[in-house]
Asker: 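Can you keep this structure in mind? I'll have questions shortly.
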Amino acid sequence: MHSFGHRANAVATFAVTILAAMCFAASFSDSFNSPTPTASVKILNINWFQKEANANDEVSMTLNISADLSSLFTWNTKQVFVFVAAEYETPQNALNQVSLWDGIIPSKEHAKFLIHTTNKYRFIDQGSNLKGKDFNLTMHWHIMPKTGKMFADKIVMTGYRLPEQYR
């Protein structure tokens with residue numbers, strides 16, 4: 001007969017194997033989800049657009065951020081991290097990204113939202129590159145699952161332009 005230690009080892013090994021198979025199945029099932037999130041960001045006002053003492057441009061904006069991210073949630077989703085970034089080009093860099101707002105969506109019930117806010121983080125360019133600059137506002141999200149790999153995607157919203165003069 002096998003000792004108690006051998007039997008406990010067999011039961012523990014079997015339980016871990018079943019748990020690993022269930023985690024794999026949960027993670028694999030997420031690959032069949034085809035989310036269709038929607039987002040819209042409107043700039044209601046440029047509160048100020050100024051040159052700082054160190055010659056950097058700074059912008060403060062009032063934004064309306066609306067989104068329906070409920071399709072990102074499955075039974076395997078723990079939470080979704082979402083942020084809005086301003087993206088633009090300068091002679092020094094092909095892509096500049098400045099985070100303006102972020103949030104954590106803990107559940108599907110909170111995944112549809114409308115937020116009226118000023119940019120949470122400072123929109124600063126290192127130099128005087130923002131006058132009359134065209135830029136995109138991009139909503140990025142990272143889906144954090146209970147098990148499996150993290151997914152990330154974004155929606156790019158084009159057609160924004162900063163003023164030609166400081167104010």
Asker: Tell me whether R122 is salt-bridged to E52, with the criterion being a basic N under 4.0 Å from an acidic carboxylate O.
Answerer: yes
Asker: Can you name the one residue among D125, N129, N93 that meets side chain to side chain donor-acceptor pair (under 3.5 Å) with Y88?
Answerer: D125
Asker: Find out whether T147 and N76 are in side-chain contact, i.e. whether some heavy atom of one side chain is under 4.5 Å from a heavy atom of the other.
Answerer: yes
Asker: A side-chain contact here means heavy atoms from C-beta on lying under 4.5 Å apart; do V41 and W101 qualify?
Answerer: no
Asker: Quick check: is F14 connected to M22 through a chain of hydrophobic side chains (ILVMFWY, heavy atoms under 4.5 Å apart)?
Answerer: yes
Asker: Picking from D102, L100, V84, L63, what satisfies side-chain contact (heavy atoms from CB on, under 4.5 Å) with K120?
Answerer: D102
Asker: With rounding to the nearest 0.5 angstrom, report the CH2 to NZ distance, W141 to K154.
Answerer: 10.0 Å
Asker: In Å and rounded to the nearest 0.5 Å, what is the NZ to CG distance from K42 to L137?
Answerer: 12.5 Å
Asker: Report, as yes or no, whether the 6.0 Å neighbourhood of atom NE2 on H110 holds more than 12 heavy atoms from other residues, nucleotides or ligands.
Answerer: no
Asker: Any idea which heavy atoms bring A111 and F73 closest together, and the distance?
Answerer: CB-CE1, 3.7 Å
Asker: Can a donor-acceptor pair be found, under 3.5 Å and without considering hydrogens, that links the side chain of K51 to the backbone of S128?
Answerer: no
Asker: Should the heavy atoms of other residues, nucleotides or ligands under 6.0 Å from NZ of K146 be counted, would the total exceed 12?
Answerer: yes
Asker: If you look at every heavy atom in F49 and P163, which pair is closest and at what distance?
Answerer: CE2-O, 3.3 Å
Asker: State whether a side-chain donor-acceptor pair under 3.5 Å links N45 with T62.
Answerer: no
Asker: If you take all heavy atoms of T36 and S71, which pair is closest and at what distance?
Answerer: N-OG, 2.9 Å
Asker: Show the nearest heavy-atom pair for residues A39 and M157, with the distance to one decimal.
Answerer: O-SD, 3.9 Å
Asker: Applying side-chain contact (heavy atoms from CB on, under 4.5 Å), run through N96 and Q126 and close with a yes or a no.
Answerer: CA-CA 10 Å; N96 294 278; Q126 296 175 345; over 6 Å; no
Asker: What is the distance from atom OG of S40 to atom CG of D68, rounded to the nearest 0.5 Å?
Answerer: 12.5 Å
Asker: Taking all non-hydrogen atoms of both residues, which atom of Y121 and which atom of N119 are closest, and how far apart?
Answerer: O-ND2, 2.9 Å
Asker: Quick check on K112: does its NZ atom have over 12 non-hydrogen neighbours (other residues, nucleotides or ligands) under 6.0 Å away?
Answerer: no
Asker: Provide the closest heavy-atom pair for G132 versus E164 in the form atom of the first, atom of the second, distance.
Answerer: CA-OE2, 3.5 Å
Asker: How far apart are the C-alpha atoms of I124 and V98, what are their side-chain angles, what is the distance that settles it, and do they pass the side-chain contact (heavy atoms from CB on, under 4.5 Å) test?
Answerer: CA-CA 8 Å; I124 296 178; V98 180; over 6 Å; no
Asker: Measuring only between side-chain heavy atoms, which start at C-beta, is I105 closer than 4.5 Å to V82?
Answerer: yes
Asker: Above 12 or not: heavy atoms from other molecules or residues under 6.0 Å from CD of Q50?
Answerer: yes
Asker: So that I can tick it off, tell me whether D57 and K131 are bridged by a salt bridge, with the cut-off set at under 4.0 angstrom between side-chain N and carboxylate O.
Answerer: no
Asker: Measure the CD-OG distance between E87 and S99 for me, rounded to the nearest 0.5 Å.
Answerer: 10.5 Å
Asker: Using 0.5 Å steps for rounding, measure from the CE atom of M61 to the CD1 atom of I43.
Answerer: 5.0 Å
Asker: Would the distance check show the side chain of T77 and the main-chain N or O of T74 forming a donor-acceptor pair, the cut-off being under 3.5 Å?
Answerer: yes
Asker: How does the hydrophobic cluster around F81 look, that is, which other residues are in it when side-chain heavy atoms under 4.5 Å mark a link?
Answerer: F83, I104, M144, M150
Asker: If you group Ile, Leu, Val, Met, Phe, Trp and Tyr by side-chain heavy-atom gaps below 4.5 Å, do F24 and L19 land in one group?
Answerer: no
Asker: Given side chains that start at C-beta, do those of N64 and I115 come closer than 4.5 Å, heavy atoms only?
Answerer: no
Asker: Is L44 linked to F123 within one hydrophobic cluster, defined over Ile, Leu, Val, Met, Phe, Trp and Tyr using a side-chain heavy-atom separation of less than 4.5 Å?
Answerer: no
Asker: Distance check, rounded to the nearest 0.5 Å: F113 atom CZ versus I65 atom CD1?
Answerer: 7.0 Å
